[in-house]
There are 2 protein chains.
Amino acid sequence: MPPNSEHARKHLRLAALELFAENGFDQTTTAQIAARAGLTERTFFRHFPDKREVLFEGQEILSAALSDATMRAPAELSPMQTLHLACASVTQLLEDNRPFSEPRQHIIAASPALLEREVAKHAALGRSVAAALQRRGVEPLQATFAAQIGLAVLSHAIALWFADASLPLNDCIERAFAELQMLASPAKSS
Amino acid sequence: MPPNSEHARKHLRLAALELFAENGFDQTTTAQIAARAGLTERTFFRHFPDKREVLFEGQEILSAALSDATMRAPAELSPMQTLHLACASVTQLLEDNRPFSEPRQHIIAASPALLEREVAKHAALGRSVAAALQRRGVEPLQATFAAQIGLAVLSHAIALWFADASLPLNDCIERAFAELQMLASPAKSS
DNA sequence: TTTTTAATGTCAGTGACTGACATATAACAA
DNA sequence: TTGTTATATGTCAGTCACTGACATTAAAAA
């Protein structure tokens with residue numbers, strides 16, 4: 001094979017993770033990351049479009065999985081039922097990634113710039129799911145709205161899951177969708 | 001008075017708006033903005049922490065209004081009733097700002113970097129509202145969840161409002177909250 | 001072994017952003 | 001009026017993220 005590229009990406013990601021954890025995102029230069037990986041700054045930018053992106057790889061996998069599940073759901077399901085099913089279908093993916101995403105969250109939470117990128121990724125995920133709903137015949141504005149709500153529920157489920165490590169993610173998802181119904185129903189008090 | 005600062009800010013904002021509309025965000029340098037405002041690049045960065053922020057002023061006003069209304073709502077209201085009331089209480093503010101926010105949206109939508117900042121502002125608004133709900137006694141995770149849902153409803157209401165200029169924003173808000181109930185209720189089909 | 005191709009290195013350059021220091025201008029006091 | 005002070009701005013040098021152009025290496029295939 002021609003010189004392996006995955007090898008370099010892996011090392012760059014690892015070096016970045018270490019340096020961000022040690023010195024913080026802002027105090028770390030891309031040249032330092034590249035140096036620790038035994039590479040040049042220029043090579044860093046050949047693998048990642050910008051300094052932040054080194055922490056956000058694999059996001060497209062979740063996005064694709066969620067969108068696919070949304071499109072493939074039985075046609076008779078309502079938008080929210082569709083999203084419920086789609087969320088349930090990506091639990092395995094999220095559970096596999098948990099060991100990686102846990103330390104990442106700490107780093108991201110410590111830097112406004114990284115937080116900004118994180119919410120941008122979340123918004124992109126929302127647009128992707130909304131597009132999938134549209135392909136099921138949902139009106140554009142409705143699709144965007146439903147996707148936003150569905151992702152808020154998923155985020156809440158993940159928050160519950162992070163708060164209590166013993167709970168399976170699937171249970172958290174069930175609970176989050178149940179809490180959505182309670183929140184949205186007009187009769188319910190606090 | 002000592003040399004007026006508001007004057008410079010206004011001119012910088014106006015110059016930026018014009019240049020972004022003419023040449024796009026990426027093709028505009030901060031030096032150009034400052035030059036059109038009759039100032040220096042250094043002065044630009046004394047008034048705005050970064051190039052994007054010149055488009056995002058007044059956001060704190062909405063954030064403060066929404067948080068205040070959330071905190072001041074009658075104690076017996078449920079979280080979602082509280083947010084419904086809070087949303088209704090900022091319609092005037094949003095309607096007054098519409099002439100400014102409409103052209104801004106076009107510029108923002110044309111630049112990924114600006115879109116990223118916009119969703120970051122939205123997320124910050126969500127954190128602020130969640131904090132307000134917490135001060136009403138709502139549990140942290142619940143508060144974050146409810147705030148997310150509430151802001152998604154408000155966003156949807158604004159989308160409806162932008163889609164049909166003849167509708168009053170208040171009607172859009174009522175409709176958006178009604179649509180949330182329909183979406184969330186399990187019995188309903190698409 | 002030679003050729004080819006993908007990955008990397010080198011280097012110069014742009015533009016966002018910052019710190020340090022100097023200057024101007026308006027209000028206020030003498 | 002004149003000097004003093006505080007705030008806004010100018011100037012300049014420097015760092016760092018990011019890019020284009022071109023040269024170089026190393027593995028794969030011919």
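Quick note: numbers below take in every heavy atom, side chains included, and nothing from hydrogens, waters or symmetry partners. Residue numbers start from 1 in every chain, and the chains themselves are labelled A, B, ... in the order their sequence lines are given, proteins ahead of strands.
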Could you list the residues that satisfy side-chain hydrogen bond (donor to acceptor under 3.5 Å, both in side chains) with B/S63, not counting sequence neighbours?
-> B/S128
cation_pi(A/R9, A/F48) dist<6.0 Å, angle<=45 | yes
Identify whether the distance between the nearest side-chain nitrogen and carboxylate oxygen of A/R72 and A/D68 falls below 4.0 Å.
-> yes
Roughly how many Å is it from NE2 in B/H47 to P in C/dC17, rounded to a whole number?
-> 16 Å
Decide if atom CD1 of A/I61 counts as having more than 12 heavy atoms of other residues, nucleotides or ligands within a radius under 6.0 Å.
-> no
Should the pair B/K121-B/E53 be classified as a salt bridge under the 4.0 Å nitrogen-to-oxygen rule?
-> yes
Between A/S111 and A/I108, is there a donor-acceptor pair closer than 3.5 Å when you use the side chain of the first and the backbone of the second?
-> no
So which residues get pulled into A/L141's cluster when ILVMFWY side chains under 4.5 Å apart are joined, directly or through others?
-> B/L160
Would you please say whether a donor-acceptor pair under 3.5 Å links the side chains of B/E174 and B/N170?
-> no
Could you run down nucleotides 11-22 of chain D 5' to 3' and tag each one B, S or - for protein heavy-atom contact under 4.0 Å?
-> B-----SBBBB-
Apart from A/L14 itself, residues in the same hydrophobic cluster as defined by side-chain heavy atoms under 4.5 Å = none
Enumerate the residues from residues 8-23 of chain B whose closest heavy atom to DNA chain D is under 4.0 Å, giving them by residue number; use none for an empty result.
-> B/A8
What residues 104-116 of chain B contributes to the DNA chain C interface at heavy-atom separation below 4.0 Å is none
Charged N-O contact under 4.0 Å between A/R104 and A/E118 = yes
